[in-house]
Novice: 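Before I ask anything, let me first share the structure, which is written out below as structure tokens.
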Amino acid sequence: SVPVRFASAWIAFFGARHVMRESVERRYKDNEKLHAIDQAVQRRGLLVIILIRIAPLLPFAAINYLLAMTAVSRRDYLLGSAVGMLPFTILYVYLGEAATNVVALLEGKETSKWSVWGLGIGVVAAIVVSVIIQRLAKRALEGKLAR
């Protein structure tokens with residue numbers, strides 16, 4: 001669930017920044033992506049965090065630890081994580097609603113054929129929009145990290 005992912009991101013970030021900093025720094029000190037991300041967040045922290053959450057460069061958990069080693073502020077990290085997780089949260093909620101209607105239809109419960117079509121079109125649209133957003137974010141992030 002989204003609140004759990006958000007809470008786990010904050011706990012990992014806080015733990016890596018304040019409790020396990022030395023071991024995380026040792027492990028990632030030569031990581032080129034970390035250095036590029038650090039430079040980018042020093043210039044445009046909030047925007048970079050939003051883009052990283054939309055189009056992750058690394059697995060979700062690893063990003064939490066790596067971001068703790070950067071100069072990003074707690075505010076930018078939290079706000080950027082919340083905003084960046086939003087597009088896929090909306091998609092997951094919509095997919096859950098669609099699955100509920102499909103199950104109802106398969107069980108023979110009354111469902112308007114228009115609501116099923118509308119939901120199907122909506123799911124396809126939500127997936128397409130999410131993929132487009134992710135690709136745009138990835139390009140923008142690569143551009144920010146290249147500078």
Novice: Go through the structure and list residues passing side chain to side chain donor-acceptor pair (under 3.5 Å) with Ser81, not counting sequence neighbours.
Specialist: Arg53
Novice: Look at the side-chain heavy atoms of Ile, Leu, Val, Met, Phe, Trp and Tyr, link any pair under 4.5 Å apart, and say whether Met85 and Ile11 land in one connected group.
Specialist: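 As far as the 4.5 Å side-chain criterion goes, Ile11 and Met85 are not connected within one cluster.
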Novice: Give the other cluster members for Ile90, using side-chain heavy-atom distances under 4.5 Å between Ile, Leu, Val, Met, Phe, Trp and Tyr residues; answer none if it is isolated.
Specialist: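 When side chains under 4.5 Å apart are linked, the cluster holding Ile90 also contains Leu86.
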Novice: With side chains defined as the heavy atoms from C-beta onward, is the minimum distance between Ile49 and Leu67 less than 4.5 Å?
Specialist: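 Contact flag for Ile49/Leu67 side chains = yes.
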Novice: Quick one: pull up CG in Asp76 and CZ in Arg44 and give me the separation to the nearest 0.5 Å.
Specialist: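 Asp76 atom CG to Arg44 atom CZ measures 10.5 Å (nearest 0.5 Å).
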Novice: Hey, are the side chains of Ile50 and Leu46 touching, using non-hydrogen atoms and a 4.5 Å cut-off?
Specialist: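 Yes. Closest side-chain heavy atoms under 4.5 Å.
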Novice: Scan Leu79, Val72, Leu78 and name whichever one has a side-chain contact (heavy atoms from CB on, under 4.5 Å) with Arg75.
Specialist: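 Among Leu79, Val72, Leu78, the one meeting side-chain contact (heavy atoms from CB on, under 4.5 Å) with Arg75 is Leu79.
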Novice: Listed by chain and number, what are the ring-ring contact (aromatic ring centres under 6.0 Å, His included) partners of Phe13, not counting sequence neighbours?
Specialist: Trp10, Tyr77
